[in-house]
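Heavy-atom basis, side chains included; hydrogens, waters and symmetry copies ignored. Along the sequence shown, residues carry numbers from 1. Since the model is a prediction, treat every value here as computed from it, not as a measurement.
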Amino acid sequence: GELQPLKWKHNGLAVTKYAYRLGLPEGFSKRILKYAEKLGIIDLYHDLLERNTLPESDDWYVFNNTKEDGEWFAQRYKTKDWAFNMHYVAAWSEEARISFLRELGRAGFGVGLESMGREFGLQHMTCFHVSFMGVSECENSFTHTDVYGTDEKGFNIIFPIVLVNGSKPELDIQSDDANVVTAVNYEFDTAVVMGDYGYHKTSPNVYDDKGQIRIVVGMYCGEINDSNANQMAHVYNGEEPAPFMNQFDAAHREIHWSPERGVTLPQ
């Protein structure tokens, strides 16, 4: 659960005040990988990325591989605009949403919530978006921030479950000087955490060998309160209609960590 600013190797100073490394329990990435394998998501990614079964940019479809884990959807995202073949896979039904959060809790993600909540002085935390992100080709991508305007209470959390050995850096992170960018490799059992205005992009990379893909999990977590709930909903909803919008209403909001109760992810 150790949370440290992302630092430059040559001087030990923080690259930016918006980016951190978060340690997770040993075996965490492997457990989430096994969960994805059980759902058929790893096989699905090989189909999507190698055989291009969703050829059009922004096409998506809903699928259900396991009765107890609900419905999920896959989407090919901005292939032409961002020059990559990334696909998102995320929960579509309530059963799938709860299933993913439950597995994260069982794998030990609560230690990460505890570290972030206390380090950033949050009153409580809710994980309001979780998705798999898989890619095998990226020419350029686009520098962007997923979380912004949340009064420093929202965070984008990314950790890997499938990596390509010997890969070039996989994630570009913009420093406090917008003209300076560092590129990092993902590490198993470690998450990259970016707060408000944590600008980043998928690094240029092409895995030429058949079957080589990279899959990470991206999460949005933070303190949703009366003053930022609308902005958090905007961060989550983005450009597409999204399920589970009621989680931003106070009456329906789940709390997944608080100082008083600790970790309260679904059991």
Side-chain angles (χ1 to χ4, degrees), residues 22-54 59-77 84-113 127-138 146 156-165 167 170-171 185-193 202 205 207 209-221 242-244 256 265-267:
L22 174 65
L24 296 167
E26 183 177 355
F28 176 85
S29 292
K30 184 176 290 186
R31 173 143 188 173
I32 302 304
L33 170 60
K34 289 181 178 178
Y35 173 71
E37 289 174 336
K38 181 190 78 167
L39 294 175
I41 288 173
I42 304 302
D43 289 339
L44 173 65
Y45 267 118
H46 283 288
D47 192 37
L48 296 174
L49 298 176
E50 294 175 39
R51 288 178 286 279
N52 293 315
T53 52
L54 284 178
D59 270 3
W60 63 281
Y61 72 97
V62 175
F63 65 95
N64 181 356
N65 286 349
T66 58
K67 182 178 180 181
E68 68 271 19
D69 293 300
E71 288 185 315
W72 300 71
F73 73 92
Q75 179 188 25
R76 182 167 187 162
Y77 187 72
F84 66 172
N85 67 350
M86 182 171 286
H87 290 67
Y88 292 84
V89 175
W92 181 253
S93 69
E94 179 68 2
E95 292 83 1
R97 184 185 74 85
I98 294 297
S99 171
F100 207 163
L101 290 174
R102 181 185 298 117
E103 193 63 30
L104 286 163
R106 290 172 176 172
F109 187 69
V111 300
L113 292 179
C127 295
F128 56 93
H129 171 66
V130 189
S131 71
F132 297 98
M133 298 181 286
V135 66
S136 64
E137 299 175 5
C138 177
D146 292 283
N156 180 22
I157 304 161
I158 309 173
F159 63 85
I161 62 170
V162 176
L163 294 175
V164 175
N165 289 334
S167 173
E170 298 145 327
L171 180 67
N185 285 94
Y186 291 110
E187 302 171 57
F188 290 127
D189 303 335
T190 302
V192 175
V193 177
T202 302
N205 232 324
Y207 303 130
D209 292 343
K210 182 177 177 59
Q212 288 190 328
I213 61 175
R214 180 175 77 246
I215 304 175
V216 302
V217 172
M219 305 178 62
Y220 297 163
C221 302
F244 322 125
H256 298 139
L265 285 164
Q267 298 297 311

Exercise. Establish, yes or no, whether a centroid distance under 6.0 Å links the rings of F128 and F244.
Key: no

| query | Parallel, tilted or perpendicular for F132 and W72, by the 30°/60° rule? | reply | tilted

Test item: side-chain donor near acceptor, Y35 and S99, under 3.5 Å
yes

dist D189:CG -> S29:OG (nearest 0.5 Å) comes out at 4.5 Å

Under the 3.5 angstrom rule, does the side chain of Y186 hit a backbone N or O of P160 as a donor-acceptor pair? no

Inset, instruction - Check the pair V217, F100 against side-chain contact (heavy atoms from CB on, under 4.5 Å), reporting the backbone distance first and the verdict last. - result: CA-CA 11 Å; V217 172; F100 207 163; 4.1 Å; yes

Do F109 and I157 have side-chain heavy atoms sitting under 4.5 Å apart? yes

Result for side-chain contact (heavy atoms from CB on, under 4.5 Å) between I215 and one of I42, V89, V135 points to I42

Under the side-chain contact (heavy atoms from CB on, under 4.5 Å) rule, what do R214 and T202 come out as? Steps first, then yes or no, please. CA-CA 11 Å; R214 180 175 77 246; T202 302; 3.4 Å; yes

Rounded to the nearest 0.5 angstrom, the NE2-OH distance for H129 and Y88 is 7.5 Å

When every non-hydrogen atom of N85 is compared with those of L49, the smallest separation belongs to O-CD2, 3.2 Å

Nearest heavy-atom contact between L265 and G110 is CD1-N, 4.4 Å

Of all heavy-atom pairs linking L24 and G112, the shortest is CD2-CA, 4.4 Å

Tightest non-hydrogen contact, residues N205 and S167, listed as ND2-OG, 3.3 Å

In terms of heavy-atom contacts, L44 and A74 come closest through CD2-CB, 4.3 Å

I would like to know whether K30 and F188 meet side-chain contact (heavy atoms from CB on, under 4.5 Å); could you show each step before the answer?
-> CA-CA 8 Å; K30 184 176 290 186; F188 290 127; over 6 Å; no

Which of parallel (below 30°), tilted (30 to 60°) and perpendicular (above 60°) describes F28 and F159? perpendicular

Practice item. Assess whether side-chain contact (heavy atoms from CB on, under 4.5 Å) is satisfied between C127 and L113, documenting all intermediate values. Key: CA-CA 9 Å; C127 295; L113 292 179; 3.8 Å; yes

Heavy-atom nearest pair, G70 first then E95, reads CA-CB, 3.8 Å

Value for CH2 (W92) from CD (E71), rounded to nearest 0.5 Å, stands at 9.0 Å

So salt bridge (charged side-chain N to carboxylate O under 4.0 Å, His left out) across residues 97-111, not counting sequence neighbours, yields R31-E103, E94-R97, R97-E254

